[in-house]
Amino acid sequence: MAINYQRELNAEQLRVVNDGNGPCLVLAGAGTGKTRTIVYRVAYLLEQGIDPGKILLVTFTNKASREMLRRVEILLGHTPEGLWGGTFHHVGHAILRRYGSRIGLASGFTILDQDDSMELLKSTMAEQGLSTKKDDKSFLKPEVLDNLISFSVNSARALPELVEEWIPKHAHLTPEILRLASAYEQKKRERNVVSFDDLLYFWLCLLRERPEVRESLGGKFDYILIDEYQDTNRLQGMIVEELARQSEGGGACGKNVLVVGDDAQSIYAFRAATVENIMRFPEVFPGAKIFRLEQNYRSTQAILDLANACIACNRRQFEKELKSACHPERSEGSRPNRESRDSSASGLRMTDYEGTRPELIGCADATQEARFIAGKVLEFHDEGESLLASAVLFRAAYQAMQLELELQKRGVPYVVRGGIRFFEQAHIKDVVAYLKVVANPTDEIAWQRVLKMEEGIGAKTAAVLAQRMIHNSPQPSLTLRGGDIVNIPTQRARGSEEGLQKVLARIEKLKSLDKVYRMIDYLLEAFYENYAEAVFENARERLEDLRQLALFAKEYQELEQFLADATLSEGFRGERKGNVSNFVEQNLETLPFLNEDQEHLVLSTIHQAKGLEWKNVFVVGLIDGQFPHYKSHGSRAELEEERRLFYVAVTRAKEQLFLTYPVTSMGSLGTAVHQPSLFVRELNPHLFKTMLDDEEVVVEI
């Protein structure tokens with residue numbers, strides 16, 4: 001039975017399906033049914049008699065690939081045998097199996113998974129005289145090196161450039177890093193193994209160095225369709241360009257290359273993705289057709305009006321305007337209509353009303369911001385909504401600190417996406433461990449953690465020394481005599497003693513400081529900044545967390561109270577057991593969630609929320625310096641990516657959007673007073689509302 005495309009697709013989608021020949025750029029705005037469009041385009045080609053083996057469909061995840069192919073099968077009523085579909089890495093692997101010998105890749109090569117790659121890198125480091133032992137802090141950790149090498153390959157940037165940009169304090173190690181990277185590549189070749197990055201790199205090598213392979217593949221794939229093109233990195237972009245190259249020395253031709261994406265949702269530069277691939281598409285493919293999918297099947301028009309105005313402030317972009325598929329049949333301010341309609345063009349269900357304007361809420365400080373969000377979520381729950389209908393989105397993990405504590409006090413279960421909970425992260429626990437030792441010299445676990453950070457002290461040695469320290473409490477000795485380090489091999493005793501002396505000196509200094517935030521600042525300056533750069537591949541983000549932790553700690557007069565809240569966060573998960581707060585203990589009968597294991601509120605980084613949606617969305621911490629991040633102000637490109645991140649957050653909301661910010665916060669120079677974020681100030685105030693004494697007023701900014 002033939003597919004009725006006119007009935008199943010809207011006019012924008014139909015144009016792509018019917019007229020998607022030649023080089024085509026499909027700008028698919030948030031919630032506009034891009035997956036549906038790609039699926040119907042593939043089905044259309046197959047119905048036109050195109051050989052499935054001539055079609056290449058590239059997606060970013062195996063899950064997306066399986067879903068698209070499944071939907072094609074459902075549409076056609078049969079399985080299109082021979083259709084090439086999968087991720088870039090999946091397709092690259094298949095091509096290397098067939099042609100890899102042309103560039104010296106022996107047949108029968110195996111693929112290293114992430115753990116295998118790390119083990120091979122560690123063995124290469126050992127052979128190069130670079131220790132990978134946990135108790136050796138003399139060189140960068142394998143995880144940091146792996147991240148550097150991988151980013152270099154995917155971004156087509158030189159390693160020395162990245163070292164200078166990412167870890168300038170370790171730039172003197174560049175010669176050793178280059179030597180290691182070369183030896184690592186040689187080791188892989190000798191063992192006939194490839195990493196995930198190699199699958200793409202060698203694919204590009206084939207296309208560039210073996211013109212007969214490029215022409216063979218060019219003849220094989222008559223139709224190339226690529227999803228999420230805004231998330232491709234430079235290496236993937238070069239592969240696409242080479243696939244479309246017609247002949248030796250020729251440029252990109254008029255091949256049927258259709259890429260689908262949204263430049264307004266390009267937010268993964270930290271993973272080497274580049275918005276330039278999608279922005280440069282019309283230049284790389286002269287005469288390319290540009291389609292726009294602008295009918296949104298997710299959000300109300302009130303939310304989309306704000307989103308459109310936000311992204312319009314970016315200079316480098318393809319202009320588009322999202323229009324809601326909702327009908328403005330209900331007045332603003334009315335409660336959402338729980339009855340839904342099914343849109344055949346989107347395959348999604350939409351509420352049938354225009355919706356209220358987004359709300360801007362200025363709170364006295366981060367504590368009040370957390371209380372407002374928790375209270376609003378509980379209000380929704382009282383009205384019959386599941387916690388799962390709402391999500392709280394943030395730019396960085398530290399922005400959820402106060403909210404996590406507030407939810408714990410109220411017994412509201414939650415999950416954190418985009419990482420583990422704030423106080424459970426390794427770098428936070430590292431610094432807090434020092435503070436625990438100051439507050440309680442008999443805390444053996446804290447002693448072990450601070451000791452293991454020192455060069456020359458491994459887990460076994462740390463356990464021995466921790467026992468010695470708690471026996472010497474409450475005043476651990478600053479000097480060690482020969483018999484004090486027991487059960488430690490002679491060759492390691494000197495290194496262990498030096499490490500212990502450093503730890504004890506730091507603890508003595510911490511004891512002399514009268515404020516918790518000064519203790520954290522001291523630890524960062526004394527050693528942890530250098531330690532983090534050598535140990536964590538995302539050291540910059542982790543150090544920012546710790547600087548924000550120091551500011552957060554300014555609210556505490558007593559170290560014990562600070563540690564109590566931090567410990568509460570580690571142990572409490574909103575369950576009726578374990579380490580619960582006094583508030584929870586006193587209100588067990590009135591808290592509604594303690595026995596509901598499956599219901600929870602979602603707290604998520606915006607990066608992790610891309611592609612998802614919720615009825616109610618809270619975007620928190622909207623002040624300059626936090627969102628947009630202060631480091632973005634010196635670069636227009638970085639500021640525009642920050643704005644795209646805000647746009648992604650806004651377009652996750654279906655019916656209600658809350659934008660919150662603290663009016664005051666503790667800064668390095670005292671109390672700071674904030675305006676709303678630049679991303680709010682640059683908007684027309686009539687796009688959002690505030691609530692004052694239960695009356696709607698427009699914020700003047």
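Predicted, not measured: the structure shown is a model, and the values here were computed from it. Note that these values count all heavy atoms, side chains included, but never hydrogens, waters or copies made by symmetry.
Here the side chains of I111 and H93 are in contact, with some heavy-atom distance below 4.5 Å. In this structure, I38 and T35 have side chains that are not in contact, with every pair of non-hydrogen atoms separated by 4.5 Å or more. Contact check for S195 versus K188: side-chain heavy atoms found under the 4.5 Å cut-off. Using a 4.5 Å heavy-atom threshold, the side chains of T124 and L180 count as touching. Side chains of Y229 and Q236 form no contact here, defined as non-hydrogen atoms less than 4.5 Å apart. The shortest side-chain heavy-atom distance between R210 and Y99 does not fall under the 4.5 Å cut-off. Residues L162 and F151 form a side-chain contact, since some pair of their non-hydrogen atoms from C-beta on lies under 4.5 Å apart. Side-chain contact between L199 and V194: present, with at least one pair of heavy atoms (C-beta onward) separated by less than 4.5 Å.
Remark: side-chain polar atoms of R102 are not paired, donor with acceptor, to backbone N or O of E209 under 3.5 angstrom. With S182 contributing its side chain and R179 its backbone, the two residues share no donor-acceptor pair below 3.5 Å. T232 places no side-chain N or O within 3.5 Å of a backbone atom of G237 that could act as its donor or acceptor partner. When atom types are taken as modelled, the side chain of N4 and the backbone of R7 share a donor-acceptor pair closer than 3.5 angstrom. Remark: the backbone N or O of V617 is not paired with any side-chain donor or acceptor of R652 at under 3.5 angstrom. Looking at Q13, its side chain does come within 3.5 Å of a backbone N or O of N10 through a donor-acceptor pair. Remark: side-chain polar atoms of S299 are paired, donor with acceptor, to backbone N or O of A653 under 3.5 angstrom.
The pair D231-R271 does not count as a salt bridge, with every side-chain nitrogen at least 4.0 angstrom from each carboxylate oxygen. Ion pairing between K34 and E228 holds under the 4.0 Å rule for side-chain N and carboxylate O. No salt bridge links K141 with E537; every basic N to acidic carboxylate O contact stays at or beyond 4.0 Å.
Using a 3.5 Å distance cut-off with no hydrogens or angles, the side chains of T32 and N296 do not pair a donor with an acceptor. In this structure, a donor-acceptor pair under 3.5 Å is absent between the side chains of E127 and Y184.
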Inset, instruction - Start with the C-alpha gap between R66 and N62, add the side-chain angles, then the distance that decides, and say whether side-chain contact (heavy atoms from CB on, under 4.5 Å) holds. - result: CA-CA 6 Å; R66 289 192 298 268; N62 289 316; 3.5 Å; yes
Inset, instruction - Start with the C-alpha gap between E73 and R70, add the side-chain angles, then the distance that decides, and say whether salt bridge (charged side-chain N to carboxylate O under 4.0 Å, His left out) holds. - result: CA-CA 5 Å; E73 291 176 11; R70 184 187 68 84; over 6 Å; no
Inset, instruction - Start with the C-alpha distance between E47 and Y5, add both sets of side-chain angles, then the distance that settles side-chain hydrogen bond (donor to acceptor under 3.5 Å, both in side chains), and finish with yes or no. - result: CA-CA 12 Å; E47 277 199 339; Y5 294 95; 3.1 Å; yes
Legend entry - D197 and S150: CA distance, side-chain angles, deciding distance, side-chain hydrogen bond (donor to acceptor under 3.5 Å, both in side chains) verdict: CA-CA 7 Å; D197 295 334; S150 178; 2.7 Å; yes
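In this structure, R97 satisfies the cation-pi test against F109, with its NZ or CZ atom closer than 6.0 Å to the six-membered ring centre and inside 45 degrees of the ring normal.
Across all their heavy atoms, G261 and Q230 have their closest contact at CA-OE1, 3.1 Å.
Separating the CD atom in E12 from the NZ atom in K323 is a distance of 5.0 Å, to the nearest 0.5 Å. Y201 contributes atom OH, which lies 11.5 Å from atom CG of L206 (distance to the nearest 0.5 angstrom). Taken to the nearest 0.5 Å, the CD1 atom of I95 stands 10.5 Å off from the CG atom of L200. Distance CG/D146 to NZ/K122: 10.5 Å, rounded to 0.5 Å. Taken from CD in E640 to OG in S266, the straight-line distance is 11.0 Å, to the nearest 0.5 Å. Between the CG atom in L9 and the OH atom in Y44 there is a gap of 11.5 Å [rounded to 0.5 Å].
For F139 and H170, the ring centers are positioned 6.0 Å apart or more.
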